[in-house]
Amino acid sequence: MSKDTRTDSTTTSAGATPAGAIPTGPVQPVTWAASYEEEPSQASVPPQPGGMTALKPFGWAKDNLFNTPLNTALTVACLAVLWYAVPPMANWLLLNAVWTGGSEICREAAGACWSIIAVKHRLIFFGTYPYDEQWRPFLACGLFVALLGASGVRAFWRPWLAGVWALVLVAMGVLMWGGVFGLTYVANDKWGGLPITLMLSVFSIAIAFPLSILLALGRQSSLPAIRTFCVGFIETMRGVPLVSVLFMASVMFPLFLPEGVTVDKLLRALAGMTLFTAAYLAEAVRGGLQAIPKGQYEAADALGLSYWQKTRLIVLPQALRIVIPPIVNQFISAFKDTSLVTIVGLYDLLTAATVATTDPEWRPFFAEVYIFAGLMFWIFCFSMSRYSQWLERLANRYNRR
Amino acid sequence: MTENAIIELRKVGKWYNSYHALRDVSLKIGKGEKVVVCGPSGSGKSTMIRCINRLEAHQTGHIIVDGTELTDDVKSVETIRRKVGMVFQNFNLFPHLTVLQNLTLAPIWVRGMAKSEIEEIAMMYLRRVRIPDQAQKFPGQLSGGQQQRVAIARALCMKPEIMLFDEPTSALDPEMVKEVLDVMTELAGEGMTMVCVTHEMGFARQVADSVVFMAEGSIIESGTPAEFFENPKSERTRQFLGQILEH
Ligand SMILES: Nc1ncnc2c1ncn2[C@@H]1O[C@H](COP(=O)(O)OP(=O)(O)OP(=O)(O)O)[C@@H](O)[C@H]1O
Ligand SMILES: [Mg+2]
């Protein structure tokens with residue numbers, strides 16, 4: 001990708017030489033040479049070294065890294081930074097790192113202390129879930145991630161996938177809560193770590209996405225009441241930090257409920273995340289809706305399609321394809337934002353990691369824990385990003401001629 | 001014109017905000033009649049035919065299509081849109097669907113037809129517009145002329161009684177105009193009621209039963225092609241014909 005861009009810019013600078021001069025070159029070298037001699041005096045832009053790249057085989061590096069004084073300086077600067085940064089980093093991360101052994105060995109060593117991960121990974125992944133029962137959240141997460149992955153595969157986009165989801169969700173509920181089939185009951189204020197992060201993000205995104213489509217459609221509605229409500233909701237949510245939305249959901253929301261009725265803390269945080277994400281997604285979806293030409297609506301109307309048929313069959317399939325990148329961007333953002341639920345007392349992955357660093361014995365090695373937690377987040381976010389690129393290509397097949 | 005009209009406009013008035021786009025337009029079109037509408041740019045030709053299937057709403061007067069008057073009532077709009085097919089200047093095919101899906105979508109969802117049944121009918125129409133081999137392609141992969149023929153076939157799949165054409169050949173390269181006009185001529189020969197905004201005067205001469213000339217939101221004159229071209233009544237028409245027949 002970046003290589004293409006660079007090639008393009010080289011071509012552009014080559015274009016500074018008059019277009020007529022280049023094709024004649026190989027055929028009539030004399031003519032070309034003559035015109036080249038003349039050109040520099042006529043051109044207002046001084047001839048650039050890049051202009052000659054097509055003719056002299058100096059190789060890729062010469063063309064792309066050292067083609068202008070500025071580029072040469074940047075290349076040298078980058079090499080210097082790499083020279084100074086990479087070796088110490090590699091030493092700390094890998095060569096001098098401690099992979100096994102107690103905290104005493106770590107204190108002696110000059111490198112990273114990865115043995116803290118070996119010691120604390122159960123706490124980081126599963127928080128305060130009863131230690132002996134942690135195979136249950138492990139299995140639940142495994143099922144969940146496997147099904148998420150499978151749901152991305154085109155061959156599985158069949159009606160039965162919904163049935164599999166229903167089954168897996170029930171299985172996850174049974175595993176996490178227990179209380180049946182001889183599993184001990186584990187209340188959900190004991191849950192923590194990866195299951196919380198995964199469930200909060202996936203469920204909030206899964207509910208927020210359809211909601212955002214309704215909000216975006218409502219924002220364009222011809223009915224003033226619906227339009228006003230949607231605009232009001234979106235603008236309120238967008239104008240407030242997620243932290244305050246989470247506080248509102250967990251502290252203020254219960255005040256409005258009749259006495260005796262309680263809504264679970266996890267559920268309240270989920271509601272807050274969902275509404276917040278929906279507002280942002282709605283704006284991304286609206287961008288797609290606006291890109292659909294008026295003629296598409298008119299053709300659908302003329303064929304007699306109803307509003308919902310038109311929306312579902314004509315408008316959304318086109319609009320959503322256009323906005324795959326911003327939508328996935330919001331998904332990624334929402335995934336990382338789950339780490340904010342710590343402020344309402346939930347143990348997501350990052351909170352559990354923080355707790356793992358408070359052990360006095362291992363206190364000096366907090367950086368390793370955060371790097372590890374960061375890596376976990378990165379794996380999920382990067383997967384989403386790659387998946388969206390594939391999805392984009394799939395969705396835009398019809399654009400090829 | 002004909003006594004029992006399938007389309008009747010009675011003193012139709014239409015405003016875009018304060019702009020008066022249609023002024024007391026009255027027109028009767030009989031079943032099976034072919035009407036060509038022409039006139040200078042901005043004269044309200046598109047507005048008029050778009051009022052017939054309610055892509056635009058008129059504000060005064062009456063529009064009656066096959067016995068149903070167009071009102072704010074959704075039912076009347078639904079009824080009329082089922083009877084009226086439309087072809088646009090820019091084709092407006094659905095780019096995310098294949099040609100065949102473009103044709104079958106509305107019959108399946110609006111008419112509730114079985115997929116296998118309508119696919120057969122759709123292929124029949126594609127053969128008639130002479131592009132059956134393009135059924136599985138996407139619209140973006142076709143030439144303009146082919147796209148417009150798909151658009152005509154798409155409208156025909158709804159079995160309309162009336163076809164509206166809004167400058168169907170204006171967006172086409174000259175060499176593709178004929179293939180579209182041929183399809184339209186063939187359709188006219190089959191007795192379809194057609195209202196066609198076009199500047200293709202050859203087509204008007206050959207196919208139209210009457211030609212309607214509009215300017216500034218009103219119908220200035222109408223008559224058979226022979227009367228209209230040989231013996232225009234108003235100065236405004238003569239001027240227009242002079243301009244358009246020059247080239
Ligand atoms: N949606 C709209 N809002 C405001 N004014 C409009 C709108 N659509 C059309 N008009 C105006 O109404 C007038 C008639 O437009 P119309 O499209 O019917 O003209 P036309 O005869 O089809 O012209 P053309 O040959 O250029 O297609 C024009 O002056 C146009 O500017
Ligand atoms: Mg027009």
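Only heavy atoms go into these numbers, but all of them, side chains included; no hydrogens, no water, no symmetry mates.
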Q. When you look at B:Met184 and B:Thr198, which way does the side chain to side chain contact (heavy atoms under 4.5 Å, CB included) test go after all the steps?
A. CA-CA 12 Å; B:Met184 289 168 63; B:Thr198 185; over 6 Å; no
(Q) So which residue, A:Glu298, A:Lys294, A:Arg321, ends up with the most heavy-atom pairs under 4.5 Å with chain B? (A) A:Glu298
Q: Please answer whether the main-chain N or O of B:Asn53 pairs with a side-chain N or O of B:Arg81 as donor and acceptor at a distance below 3.5 Å.
A: yes
Q.
For B:Asn90, which atoms come within 4.5 Å of any heavy atom of chain A: side chain, backbone, both, or neither?
A. neither
Q.
Report which part of B:Phe88 has an atom under 4.5 Å of a heavy atom belonging to chain A: side chain, backbone, both, or neither.
A. side chain
Q: Select all residues of residues 303-313 of chain A having any heavy atom within less than 4.5 Å of some heavy atom of chain B, and report them by number, or 'none'.
A: A:Leu303, A:Gly304, A:Leu305, A:Gln309, A:Arg312, A:Leu313
Q) B:Leu164 and side-chain contact (heavy atoms from CB on, under 4.5 Å): which partner among B:Ile49, B:Leu55, B:Val197? A) B:Ile49
Q. Of the backbone (N, CA, C, O) and the side chain (C-beta and beyond), which part of B:Arg50 lies under 4.5 Å from a heavy atom of chain A, both, or neither?
A. side chain
Q) Among B:Met158, B:Arg154, B:Lys137, which residue forms the greatest number of heavy-atom pairs with chain A at distances under 4.5 Å? A) B:Arg154
Q: Hey, could you give me the CZ/CD1 distance between A:Arg393 and A:Ile324, rounded to the nearest 0.5 Å?
A: 11.0 Å
(Q) Can a donor-acceptor pair be found, under 3.5 Å and without considering hydrogens, that links the side chain of B:Lys31 to the backbone of B:Ile7? (A) no
Q: Compute both the distance and the angle, then confirm whether B:Arg149 meets the cation-pi test with B:Tyr125: under 6.0 Å from the six-membered ring centre, within 45 degrees of the axis.
A: no
Q: Would you check if there is a donor-acceptor pair between the side chains of B:Tyr16 and B:Thr47 at a distance under 3.5 Å?
A: yes
Q: Mark yes or no for whether B:Asn102, through its side chain, and B:Leu93, through its backbone, hold a donor-acceptor pair below 3.5 Å.
A: no
